[in-house]
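For clarity, every value in this text was computed on a predicted model and none was experimentally measured. Residue numbers count from 1 along this sequence.
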Amino acid sequence: MPQPSRVSLQRILLSVPHLSGKESRYVQEALHTGWVSTVGPSVSALEQEFSTLAKLPTLALSSGTAAIHLGLRLFRLRPDDEVICPTLTFVASCNPILYEGCKPVFADSDRESWNIDPQRLSDTLGQRARSNKLPKAVIVVHLFGLSADIGNILEICRRYEIPVLEDAAEALGATHKGELVGTFGDVGAFSLNGNKVITSGGGGLLVSPRKDWVDNARHWSQQACDPSSDGNYLHSQTGYNYRMSNVLAGIARGQLEVLHERVEARRAISFRYRDALLDVPGLEFMPQPADARHLNWLSCFLIDEALFGCDQAALIRFLDTANVETRPVWKPMHTQKLFERYECVGGEVAEDLNRRGICLPSSSSLSQEDQQFVIDRIREAHLRATGKW
C-alpha cells in the first residue's frame with residue numbers, strides 16, 4: 001500500500017496515563033511524612049474508598065496479576081487442578097494458574113461479547129461433570145472493558161459449585177445491571193497499570209464478599225508473617241511481596257476521584273470512532289451487549305478484508321507509517337508456545353477476532369484533533385486499498 005498522505009508529528013499512542021493533578025497532594029503527603037513503603041495512610045484510605053465504590057472488602061496490591069494470583073490461592077487449588085480461562089485474553093489472566101501448578105483449560109469467545117462463551121462453558125462443565133472431572137475454578141475476563149455475560153456465567157458455575165474469579169483488569173468502571181463489573185464473583189481483580197482507565201503507575205485491587213478471604217490475601221501479600229511474641233519473624237505459609245506502596249496508593253486515590261470522568265472520556269472516544277467510520281465498508285464496531293454499560297477501554301473494530309480493501313496487518317502497518325500506534329486484538333492463549341500443550345475448547349472465534357480485530361488509540365486524554373487524524377488515515381487506507389484515492 002502507498003505511504004499515507006500525512007504523518008503525525010508526535011506518535012499517537014494506544015493508551016497512556018492521564019493524570020488529573022489531584023494525585024500530587026497525596027504523593028506530597030507521603031513524601032513529607034516519610035510513609036513511602038507498603039504501609040501508610042493512603043494505602044488504608046484507598047482500600048476504604050474503593051470498598052465504598054465496590055461495596056466489598058478491598059485489598060490494595062502491587063499489580064492486577066498479584067490480585068489474580070492471590071484470588072486463585074483463596075480457592076485452595078492443588079497441583080494439577082484444572083482452571084477454565086478464556087483463550088482470548090492477555091497472558092496475565094492465566095499465568096497465575098501456572099504459578100499454582102495448575103492446568104489451564106482454555107475456552108472460546110462468543111461473538112456477542114468477545115468474552116467467554118457461556119454456552120460453551122455450560123457444555124464443557126456438563127461433560128466434565130459426567131466424567132467426574134470438574135475444574136476447580138473459572139476465570140472470567142471482561143475484555144477491553146466489555147462486560148461478560150456474568151449473570152449467566154455465575155448461574156452455570158453455581159450449578160456445579162465452582163468458584164468464579166472475575167478479571168476486571170480492563171474494565172474498572174464498567175457496570176452490569178447497574179453494579180460494578182468485577183464485584184459479582186467470589187473474587188474480583190482490578191488493574192491500575194499505566195495503560196488502564198485509571199492508574200497508579202503500577203498496582204492492583206482485590207475484592208471479595210468474604211472479608212475472611214480478603215484478610216487471608218492480605219496476610220499472604222505481606223510475606224505471610226505470623227504473630228510473634230519475641231520479635232522473630234515467623235512463617236508457616238508461603239507469602240509474597242505483593243502490597244502496594246503508600247506513594248502509589250496516593251496516586252491511585254487522586255485517580256479514583258476522576259474515575260467517572262475517565263470512563264465517560266473512553267466511551268465518548270469509542271463512539272466517535274463508531275459514528276465517524278459507520279459508512280466505511282468492512283469495519284465492524286466492537287459489540288455492546290445489553291444489560292451492561294461498557295467501558296470500551298480500547299476502541300476496537302473487526303476488518304472484513306474483501307470490503308475494506310486490505311487486512312488487519314496491512315492497516316496496522318499503514319497507520320504505523322503515519323505515526324499512529326495500533327495493535328491486533330489479543331492473540332489467543334492456546335496459540336501461544338507457553339500454553340500449546342494445554343486443552344482448548346473451541347478457539348475458532350478467538351482466532352478470527354485476533355486475525356481481524358484492531359485496537360485504535362483510546363487514551364482518555366486523546367484530543368479530538370488527533371482522533372480525527374486517526375479516522376482520516378483509516379479512511380485513506382480504505383480508499384487507497386480500493387483504488388479510490
Closer than 4.0 angstrom, basic N to acidic O: yes or no for [X] and [Y]?
{"X": "E170", "Y": "K196", "value": "no"}
{"X": "R111", "Y": "D352", "value": "yes"}
{"X": "R128", "Y": "E82", "value": "yes"}
{"X": "E380", "Y": "R384", "value": "yes"}
{"X": "R76", "Y": "E100", "value": "no"}
{"X": "R11", "Y": "D370", "value": "no"}

Exercise. What's the verdict on ring-ring contact (aromatic ring centres under 6.0 Å, His included) for F339 and F106, showing C-alpha distance, side-chain angles and the deciding distance?
Worked result: CA-CA 9 Å; F339 297 109; F106 296 110; 5.2 Å; yes
Problem set entry | Members sharing I162's hydrophobic cluster (side chains within less than 4.5 Å) | I84, V105, I116, L121, L125, L134, V138, V140, I150, I153, L154, I156, Y160, V164, F184, V345
Exercise. So is R267 actually on top of F271's ring, under 6.0 Å and inside 45° of the axis?
Worked result: no
For this session: Give a yes or no on whether the ring-centroid distance for Y273 and F285 is below 6.0 angstrom.
Result: no
For this session: Would you mind telling me which of S364, S363, S365 makes a side chain to side chain donor-acceptor pair (under 3.5 Å) with H18?
Result: S364
Exercise. Angle class for the Y242/Y240 ring planes (parallel below 30°, perpendicular above 60°, tilted otherwise)?
Worked result: parallel
Exercise. By ring pair (Phe, Tyr, Trp, His ring centres under 6.0 Å), which residues pair with W35, not counting sequence neighbours?
Worked result: none
For this session: Could you check Q336 against M333 for side-chain contact (heavy atoms from CB on, under 4.5 Å), going step by step and ending with a plain yes or no?
Result: CA-CA 5 Å; Q336 307 275 2; M333 291 298 102; 3.7 Å; yes
Counting only pairs under 3.5 Å, give me each side-chain donor-acceptor contact of residues 301-309, with atom names and distances, residues two or more places apart or in other chains.
| residue | atom | partner | partner atom | Å |
| --- | --- | --- | --- | --- |
| D304 | OD1 | A306 | N | 3.1 |

